[in-house]
K.L.:
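If you scroll down you'll find the structure; I have some questions about it.
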Amino acid sequence: DVKVTQSSRYLVKRTGEKVFLECVQDMDHENMFWYRQDPGLGLRLIYFSYDVKMKEKGDIPEGYSVSREKKERFSLILESASTNQTSMYLCATVTSGGTNTQYFGPGTRLTVL
Amino acid sequence: KQEVTQIPAALSVPEGENLVLNCSFTDSAIYNLQWFRQDPGKGLTSLLLIQSSQREQTSGRLNASLDKSSGRSTLYIAASQPGDSATYLCAHGGTSYGKLTFGQGTILTVHP
């Protein structure tokens, strides 16, 4: 089975802090994604990566950056956390080509005070 | 801009009923259509994936169909059970990269 892990289930940070959310997958998948999920807004794509050191902006990249130094690890960075970044963050992975079934991690519930 | 709409937003049914969840999308250029299940506070679990060349997929009590011409997909759940209670999300995949556009979800409650 594909396993996607996220570094924290719950995280509380203060406004202005730099926040790192990490996602690790064990299936050698090329493509990885970061979404945030908010009530009434659904899941929205922040960034995705289709290879090591490659990244593409999603629909809502403002206030975020990403890093992919190794194939199995995709990090989401909040440069200066703000209260409107309080959300559930979900990482997903998919192999390129093939069926493109997406596998999701358990999510990180981030609260910015 | 791609939009995905799910109807109804919430559904409450007694155990044993057959039910249909609806999903519509605006972009007819589709690579695949996926249905996911999400339990409260958890990540998403893939239920069914329909490639653009397919009309439907089945897994156990679940059947999903895809009509590209009308921009619609349906998820049919047979003989519903309380354990089926969850949020069901459909997602439009427009490219082979796997980038998805999600609907808002249907919150399903199956009561004994």
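All values below were derived from every heavy atom in this structure, side-chain atoms included, with hydrogens, water molecules and symmetry-related copies excluded. Just so it is clear: chains get the letters A, B, ... in the order the sequence lines come, proteins before strands, and each one is counted from 1.
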K.L.:
Considering residues, nucleotides and ligands other than B/Arg55, do more than 12 of their heavy atoms fall under 6.0 Å from its CZ?
P.N.:
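No, the 6.0 Å shell around CZ holds no more than 12 heavy atoms from other groups.
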K.L.:
Which residue out of B/Ala91, B/Gly93, B/Gly41 racks up the most heavy-atom pairs below 4.5 Å with chain A?
P.N.:
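Of B/Ala91, B/Gly93, B/Gly41, B/Gly41 has the most heavy-atom pairs under 4.5 Å with chain A.
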K.L.:
A/Thr101 and B/Ser46: which non-hydrogen atoms are nearest, and at how many Å?
P.N.:
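Looking at all heavy atoms of both residues, the closest pair is CG2-OG, 3.5 Å.
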K.L.:
Answer whether the closest heavy-atom distance between the side chains of B/Lys99 and A/Asp59 falls below 4.5 Å.
P.N.:
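Yes, close enough: below the 4.5 Å cut-off.
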K.L.:
For A/Lys70, I'd like to know if atom NZ has over 12 heavy atoms of other residues, nucleotides or ligands within 6.0 Å.
P.N.:
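At most 12 heavy atoms, drawn from other residues, nucleotides or ligands, come within 6.0 Å of this atom.
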K.L.:
Are B/Phe25 and B/Leu48 linked, directly or through intermediate hydrophobic residues, by side-chain heavy-atom contacts shorter than 4.5 Å (ILVMFWY only)?
P.N.:
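Yes, one cluster joins them.
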K.L.:
Spell out, yes or no, whether B/Leu66 and B/Leu75 are grouped together once hydrophobic residues are joined by side-chain heavy atoms under 4.5 Å, including indirect joins.
P.N.:
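B/Leu66 and B/Leu75: one cluster.
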K.L.:
Side chain, backbone, both or neither: which part of A/Arg9 has an atom under 4.5 Å from a heavy atom of chain B?
P.N.:
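For A/Arg9, the contact with chain B is made by the side chain alone.
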K.L.:
Between B/Thr45 and A/Tyr103, is there a side-chain heavy-atom distance shorter than 4.5 Å?
P.N.:
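Sidechains of B/Thr45 and A/Tyr103: no contact.
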K.L.:
Under 4.5 Å heavy-atom distance to chain A, tell me which part of B/Leu100 shows up: side chain, backbone, both or neither.
P.N.:
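For B/Leu100, the contact with chain A is made by backbone and side chain together.
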K.L.:
Give a yes or no on whether A/Glu79 atom CD has more than 12 heavy-atom contacts from other residues, nucleotides or ligands under 6.0 Å away.
P.N.:
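More than 12 within 6.0 Å, yes.
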K.L.:
Taking CZ in A/Arg44 as the centre, count heavy atoms belonging to other residues, nucleotides or ligands within less than 6.0 Å. Is the count above 12?
P.N.:
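For A/Arg44, atom CZ is crowded (more than 12 foreign heavy atoms under 6.0 Å).
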K.L.:
Can you say whether A/Leu90 sits under 4.5 Å from chain B via the side chain, the backbone, both, or neither, judging by heavy atoms?
P.N.:
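Looking at A/Leu90, just its side chain touches chain B.
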K.L.:
Between OH of A/Tyr35 and CG of B/Leu44, what distance do you get to the nearest 0.5 Å?
P.N.:
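So the gap between those two atoms works out to 9.0 Å.
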K.L.:
So if you build clusters from Ile, Leu, Val, Met, Phe, Trp, Tyr with side-chain heavy-atom gaps below 4.5 Å, do A/Phe104 and B/Leu89 land together?
P.N.:
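Yes.
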K.L.:
Testing the basics here: between B/Gln34 and A/Gln102, what is the closest heavy-atom pair and its distance to 0.1 Å?
P.N.:
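Heavy-atom minimum between the residues: OE1-N, 3.4 Å.
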K.L.:
Under a 4.5 Å side-chain heavy-atom rule over Ile, Leu, Val, Met, Phe, Trp and Tyr, are A/Leu21 and A/Phe33 clustered together?
P.N.:
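No, A/Leu21 does not connect to A/Phe33 through the hydrophobic network.
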K.L.:
Would you please go through residues 101-112 of chain B and name the residues with a non-hydrogen atom below 4.5 Å from one of chain A, in numerical order?
P.N.:
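Within residues 101-112 of chain B, near chain A: B/Phe102, B/Gln104.
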K.L.:
In terms of heavy-atom pairs under 4.5 Å, which option from A/Gly40, A/Gly107, A/Gly58, A/Ala92 contacts chain B the most?
P.N.:
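Ranked by contacts with chain B, first place is A/Gly40.
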K.L.:
Are B/Val4 and A/Leu45 linked, directly or through intermediate hydrophobic residues, by side-chain heavy-atom contacts shorter than 4.5 Å (ILVMFWY only)?
P.N.:
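Different hydrophobic clusters.
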K.L.:
Would you say A/Gln37 and B/Gln38 make side-chain contact, with heavy atoms under 4.5 Å?
P.N.:
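They are in contact (side-chain heavy atoms under 4.5 Å apart), so the answer is yes.
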